[in-house]
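Only a predicted model underlies this, so the values are computations on that prediction, with no experimental measurement involved. Just follow the structure's listing: the first ligand is 1, and inside any ligand the first atom is 1.
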Amino acid sequence: MGNISFDFTGRTAIVTGGARGIGLEIGRHLRASGAAVYLADIDEAAVGEAAAEIGATGARMDVSDSEDVERVVATAVEETGRLDIVVNNAGLLRDGVLWKTSDADWDLVQQVHLGGAFRLTRAAVPHFRAQSGGRVINVTSYSGLHGNVGQANYSAAKAGIIGFTKTAAKELARFGVTVNAISPNAETRMIASIPADKLAELATGIPLGRFAAPQEMCAAVGFLASEEAGYITGAVLPVDGGMSM
Ligand SMILES: NC(=O)c1ccc[n+]([C@@H]2O[C@H](COP(=O)([O-])OP(=O)(O)OC[C@H]3O[C@@H](n4cnc5c(N)ncnc54)[C@H](O)[C@@H]3O)[C@@H](O)[C@H]2O)c1
């Protein structure tokens, strides 16, 4: 990525779900913009390789496990002396119509998406407070904004992330912390799991006519993480080719 827009030199960022897809590209962008980056992912081998590739630190973290989350935050603060940016991007799908969705598939999706955003944000707060500033960028989805057949668990979690973003924005404003969300649309492993006919149908519903490359999510995240975006909080920014309007 050559398009560095903001300078994050001296800043520390944690990006969850950083082993691949959107998270890896966000990490690459923040790293190229000068930040010390911790890529955190449940896939330990893949996140180690990804981190080596972009000059970041790889960390095994299951975002549904509070101890894991606290440990990575503690390591980042210990090693760099600070924490400035958290990107709550980790995610997975357990699709199925709601009447066929098991308790396990319901719970897992809530725990990873919504619970993960909660746990890492909570762990970051003491450090943000101590520094009188910080940036939280959450990742929601079209499903969270509008619903999507076969994704009751995922749309509930992603809609929950929007509510969480707004409340966290209100609670943390007093500490100089902004909390925003993006709603992406990018060709990743997650999209690859959607059947081809469904994917073609989805693409026709995108005004810009295509899914983005995961790199195209980075500018929005870089902007929301920047000093310059300090007066923007509680916003949900679609980076989706117009799909959600
Ligand atoms: N790709 C899209 O078009 C799209 C659209 C809307 C929202 N999103 C959201 O963007 C985010 C990134 O998705 P992606 O498309 O890059 O998917 P991806 O599958 O390529 O990457 C997701 C990453 O999250 C990791 N992960 C899963 N469970 C985890 C856990 N418990 N703890 C830590 N890491 C975990 C995976 O190992 C993987 O590396 C997700 O939150 C997804 O819901 C993606």
Side-chain angles (χ1 to χ4, degrees), residues 14-29 38-51 53 56 58-73 86-95 104-105 107-120 123 137-148 151 153-162 164-165 181-194 198-199 202-203 205-206 208 210-218 220-221 236-241 243-244:
I14 298 176
V15 182
T16 69
R20 57 178 63 76
I22 294 169
L24 171 57
E25 295 312 321
I26 291 170
R28 191 194 307 275
H29 185 79
Y38 288 75
L39 290 182
D41 204 287
I42 196 167
D43 187 340
E44 191 170 10
V47 81
E49 275 176 38
E53 181 190 322
R60 191 204 172 271
M61 178 204 283
D62 176 354
V63 296
S64 67
D65 181 326
S66 295
E67 279 180 25
D68 258 22
V69 172
E70 298 281 349
R71 181 179 42 76
V72 175
V73 168
V86 298
V87 183
N88 290 307
N89 165 82
L92 43 65
L93 297 174
R94 289 292 182 274
D95 288 356
D105 283 350
D107 290 345
L108 177 65
V109 169
Q110 309 312 312
Q111 285 300 324
V112 172
H113 288 275
L114 183 53
F118 159 63
R119 273 180 281 272
L120 180 55
I137 292 113
N138 297 321
V139 179
T140 184
S141 163
Y142 175 91
S143 294
L145 290 162
H146 294 289
N148 197 25
Q151 294 194 319
N153 51 3
Y154 181 73
S155 62
K158 289 304 204 188
I161 282 179
I162 295 171
F164 174 70
T165 297
I182 65 160
S183 178
N185 227 353
E187 280 187 66
T188 65
R189 186 181 68 158
M190 194 172 274
I191 291 286
S193 70
I194 301 173
K198 176 78 179 157
L199 200 62
L202 283 174
I206 303 173
L208 287 176
R210 63 179 179 88
F211 284 87
Q215 290 86 335
E216 293 179 86
M217 304 301 116
C218 297
V221 175
V236 179
L237 179 59
V239 191
D240 66 354
M243 186 180 178
S244 64

Here the atoms of ligand 1 under 4.0 Å from any heavy atom belonging to G21 are 16 (O), 20 (O)
Out of D65, D41, N89, V139, the nearest non-hydrogen contact to atom 41 (O) of ligand 1 is supplied by N89
Near R189 (heavy-atom distance under 4.0 Å), the atoms of ligand 1 are 19 (O), 20 (O), 36 (C), 37 (O), 38 (C)
*Do I22 and V139 have side chains that get closer than 4.5 Å, going by heavy atoms?*
no
Within 4.0 Å of some non-hydrogen atom of T140, the atoms of ligand 1 are 6 (C), 7 (C)
Task: Heavy-atom side-chain contact between V109 and Q151 under 4.5 Å - done: no
Numbered in order shown, the ligand 1 atoms found under 4.0 Å of a heavy atom of M61 are 32 (N), 33 (C)
**Any N/O pair D62/ligand 1 closer than 3.5 Å** = yes
Ranked by distance from atom 3 (O) of ligand 1, the top protein heavy atom is A186 N, 2.7 Å
- Query: Could you walk me through whether E70 and E67 pass the side chain to side chain contact (heavy atoms under 4.5 Å, CB included) check?
  - Reply: CA-CA 5 Å; E70 298 281 349; E67 279 180 25; 5.8 Å; no
*asked:* Y142 versus ligand 1: do any nitrogen or oxygen atoms come within less than 3.5 Å of each other?
replied: no
Separation between OG (S183) and NE2 (H146), nearest 0.5 Å, reads 8.0 Å
message = Please determine whether any non-hydrogen atom of H113 lies less than 4.0 Å from an atom of ligand 1.
response = yes
Heavy atoms of E187 and F211 approach each other most closely as CG-CB, 3.6 Å
In V72, V47, D68, the residue satisfying side-chain contact (heavy atoms from CB on, under 4.5 Å) with R60 is D68
With heavy atoms and a 4.0 Å threshold, my read on which part of V63 contacts ligand 1 is both
